> 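The following block contains the structure, expressed as structure tokens.
So that the names make sense, note that chain A is the first sequence line, chain B the second, and so on, each numbered from 1. This is a predicted model, so every value here is computed, not measured. Worth knowing before you read on, the calculation uses all heavy atoms, side chains too, and leaves out hydrogens, waters and symmetry mates.
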Amino acid sequence: MNAEKKVALTLPDGSVREFNGPVTGMTLANDIGPGLAKAAIIIVVDGEQWDLSREIIKDAHVSIITKRDEEALEILRHDAAHIMAEAVKELYPETQVTIGPAIENGFYYDFARKEPFTPGDLEVIEARMRQIIERDEEIIRSEMPRDEAVEFFKSMGEEYKAEIIASIPDGQPITLYRQGDFIDLCRGPHLPSTKYLGSDTFKLLSIAGAYWRGDSNNEMLQRIYGTVWRDRKELKAYLLRIEEAEKRDHRKLGREMSLFHFQEEAAGMPFWHPNGWTIYTQLEGYVRRKQIEYGYKEINTPKLVDRKLWETSGHWEKFREHMYITESEEQIFALKPMNCPCHVQVFNQGIVSYRDLPLRLAEFGSCHRYEPSGALHGLMRVRSFVQDDGHIFCTKEQITEETEIFCKMLLDIYKDFGFEKVKVKFSDRPDVRAGSDEVWDEAERCLIDAVEHVGLEYSLNPGEGAFYGPKLEFILTDAIGRDWQCGTHQVDFVLPERLDANYIGADNAKHRPVMLHRAILGSFERFIGILIENYAGRFPMWLAPTQVVVTGISSDQDSYVEQVYKKLMEAGLRAEIDLRNEKINYKVREHSHAKVPAIFVAGGREAENNSITVRRLGSKNQETLDLSDAINKLVAESIEPDKQ
RNA sequence: GCCGCUAUAGCUCAGUGGUAGAGCGCACCCUUGGUAAGGGUGAGGCCGAGAGUCCGAUUCUCUCUAGCGGCACCA
């Protein structure tokens, strides 16, 4: 013992524990207390996560991580992936394992196997995982020289693993983890044994295809997704959360509320029903007013444009496979996939003076793009859509201010839908780009300055800018915590050049304007999809397709109900009348399911004294009001947020 | 586009090698009922499209189309 070097470990509270020689995390935990030893899963040694069984041979700052710690979930999820791989290898030995990381809410593992996995297999695999957990297999770390490791996995028929090892840079140790008969290449760290993963804290969710190494040129593997939590309660809560999200699915609500539909003959192109179109036109009117407020001029440009323009703009070369092309009298046209070239055409009419800049042109531009069939997803990814598109033509000196104004406008609009939290991603120059470094330096600086001025925090997307300029992406968070990238703001030095846009400067010479491409909603289709899910179909009064339904208790009140309906319509409300021969219970139930925000009920009493009983969606309370008061209240509530 | 699954009434779904069924919705009748389903009767289907096997296909096989879960894509 004395021959060994002493090891002093500093704990997070600053206290130091000394040991006569190398010590494992588990020994340390036991030394501190048996409770901790039981709860411990890994140890952080000088900022690096280590297995508890690994010997610490020199002085270090350490902290023991238990199941309760934030980092624990990732470890548990990663281990679940290994346990699943072990189960799959036991059940289907012909399967090759590839990679299986922890991800948000869970994990996946990609397998190479001819036979497809079925949903039934998931249950079998899950049952075997529980057995492996019960076996409480010790998870043992070891290192192996790289060539030996390659040979080792090759000899087991694990070609993919061998390929991964071969691609690990020289000098990095190859670590293996063994649990039972299963050995996997892994960076670690792992739990001390399989039992640390609770047998009722995980669930396998789905099977999906995934390309080897994420490259569509490679073969497709089978991916199994699972979710893992600290305990049974957290798991149940998560599964409930998935269910709740499914209830909000805009495709389901779109059908139930008759907002829109899709059909085979126009895949990816929505057919808007009266209810959905009401939401759409309300939204459009709102954005139109906002655009006027922020100094835009609205225009409208052709949907079908000759190929020559797309050749000049560069789209024919870069974007052709996404464009719908048609021919008429030997002329080739394309449905516009973007509005920018047309906006430059408007800018180019007549002569623009520097005094006219910045010129802000907006269009609710109807675009078509041929999206890959597998990408289509309800309203969220469509082939025909309308952008709240805008292009600002300005001088380089105006970029910062214009960007600032745009950020303020975007925040202003998002706030009206309850989206208070907005994240910003800044994408700077890509490797392949147009324009000099000086121009990029300046443009990037302008965007950052603007974002900082309005007090937004941003994260960097290195090299993700467009080839024609840097960009900002704006991400909102919906009512159930999901992020959606909607807004975008891009600097473009190239298109004005290609389409020969100029203005006359104070020096009486021609100059090239800068173009800023920008959108706030992105597309109306997608934004409405997001709104449907955000509100769970319960739209605020100003957007609700039907704002109020008026109905009677019995047919004796029919004529009064008709009077009320007439007054509601005269007040400009989107009202419906329900004179069906049904009981009030039935009608309340049905209109509640339809998510109508207000139900006006008239019985004998109300008809008698010119009042109405109001029931609001989501509440069982009823309130009887004087009819004109009730109508005034609804009218007030229906005012669009920008008019309040 | 790729892998897997799915396609039956307006919706949700059951079912069968001998051309179909439920619930809800819809229509009509009875019921006039005070806030989340009153009762009865009835009408609805080329079982996604095309081809093949078979005496016979909604059912089995293949192709296509669309949808779903992912992957890739989102310039």
> So which pairs with a foot in residues 513-527 of chain A pass side chain to side chain donor-acceptor pair (under 3.5 Å), sequence neighbours left out?
Y296(A)-R518(A), H391(A)-H517(A), D492(A)-H517(A)

> Whole Å only: how far is the CZ atom of R255(A) from the P atom of rG67(B)?
12 Å

> K252(A) has an atom NZ; how far is it from atom P of rC68(B), in whole Å?
15 Å

> What about Y414(A) and F474(A), are their ring centers closer than 6.0 Å?
no

> Going by an N to O cut-off under 4.0 Å, is there a salt bridge joining D215(A) and R213(A)?
no

> What string of B, S and - do you get for nucleotides 33-40 of chain B, 5' to 3', if B is base contact, S is sugar-phosphate-only contact and - is no contact with any protein heavy atom under 4.0 Å?
BBBBBS--

> For a quick test of reading the model: is some side-chain N or O of H377(A) closer than 4.0 Å to OP1 or OP2 of rG69(B)?
yes

> Provide the distance between the two C1' atoms, one in rU58(B) and one in rA20(B), to the nearest whole Å.
9 Å

> Closer than 4.0 angstrom, basic N to acidic O: yes or no for E464(A) and K425(A)?
no

> Scan nucleotides 1-10 of chain B nucleotide by nucleotide, 5' to 3', and note B when protein non-hydrogen atoms come under 4.0 Å of the base, S if they reach only the sugar-phosphate, - if neither.
BBBS------

> If you compare all heavy atoms of S611(A) against all heavy atoms of N609(A), which two are closest, and at what distance to 0.1 Å?
OG-OD1, 2.6 Å

> Could you give me the stems involving RNA chain B, meaning stretches of three or more consecutive Watson-Crick or G-U wobble pairs whose two defining distances are both below 3.5 Å?
B:1-7 with B:65-71, B:10-13 with B:21-24, B:26-30 with B:38-42, B:48-52 with B:60-64

> Can you check the distance between rA49(B) and rC11(B), where both ends of the measurement are the P atom (answer in whole Å)?
15 Å

> Given the P atoms of rA72(B) and rC64(B), what is the spacing between them in whole Å?
24 Å

> Donor-acceptor check, side chain of Q222(A) to backbone of E115(A), threshold 3.5 angstrom: yes or no?
yes

> Roughly how many Å apart are rG25(B) and rA43(B), using the C1' atom of each and rounding to a whole number?
13 Å

> Could you tell me whether E246(A) and K252(A) make a salt bridge, using a distance below 4.0 angstrom between a side-chain N and a carboxylate O?
no

> When the P atoms of rA51(B) and rU59(B) are compared, how many Å lie between them, rounded to an integer?
13 Å

> Could you state the CZ-C1' distance from R381(A) to rC71(B), rounded to the nearest angstrom?
13 Å

> Table please: side-chain donor-acceptor pairs of residues 97-109 of chain A below 3.5 Å, with sequence neighbours left out.
residue : atom : partner : partner atom : Å
T98(A)  : OG1  : D110(A) : O            : 2.6
Y109(A) : OH   : K161(A) : NZ           : 3.4
Y109(A) : OH   : D184(A) : OD2          : 2.7

> Given 3.5 Å as the limit, does a donor-acceptor pair link the side chain of Q387(A) with the main chain of C367(A), or not?
no

> Test side chain to side chain contact (heavy atoms under 4.5 Å, CB included) on R77(A) and W229(A); report intermediate values, then the result.
CA-CA 8 Å; R77(A) 287 168 181 163; W229(A) 298 87; 3.4 Å; yes

> Does any residue of residues 236-251 of chain A have a heavy atom under 4.0 Å from RNA chain B, and if so, which ones, in number order?
R251(A)

> Do M380(A) and H250(A) come within less than 4.5 Å of each other through their side chains, counting heavy atoms only?
yes

> Please determine whether side chain to side chain contact (heavy atoms under 4.5 Å, CB included) holds for the pair F117(A) and F111(A), giving the CA-CA distance in whole Å, both sets of side-chain angles, and the decisive distance to 0.1 Å.
CA-CA 10 Å; F117(A) 288 113; F111(A) 300 101; 4.0 Å; yes

> Check the phosphate of rA72(B) against R213(A), side-chain N and O only, distance under 4.0 Å to OP1 or OP2. Yes or no?
no

> Using atom CG of N461(A) as one end and atom P of rC74(B) as the other, report the distance to the nearest whole Å.
13 Å

> Please say whether the positively charged group of K595(A), taken as NZ for Lys or CZ for Arg, lies over the ring of Y535(A), i.e. under 6.0 angstrom from the six-membered ring centre and within 45 degrees of the axis.
no

> What I want to find out is whether E608(A) reaches R605(A) closely enough, with some N-O distance under 4.0 Å, to be called a salt bridge.
no

> Looking only at atom types and distance, does a side-chain atom of E371(A) sit under 3.5 Å from a main-chain N or O of R381(A), one as donor and one as acceptor?
no

> Rounded to the Å, how far apart are E265(A) CD and rG67(B) C1'?
13 Å

> Any idea if rG44(B) is syn or anti, going by the 90°-from-0 cut?
syn

> Rounded to the nearest angstrom, tell me the gap between atom CG in L253(A) and atom P in rU12(B).
13 Å

> Rounded to the nearest Å, what distance is computed from the CG atom of residue D215(A) to the P atom of nucleotide rG70(B)?
21 Å

> Using whole Å, what does the distance between atom C1' of nucleotide rC71(B) and atom OH of Y109(A) come to?
18 Å

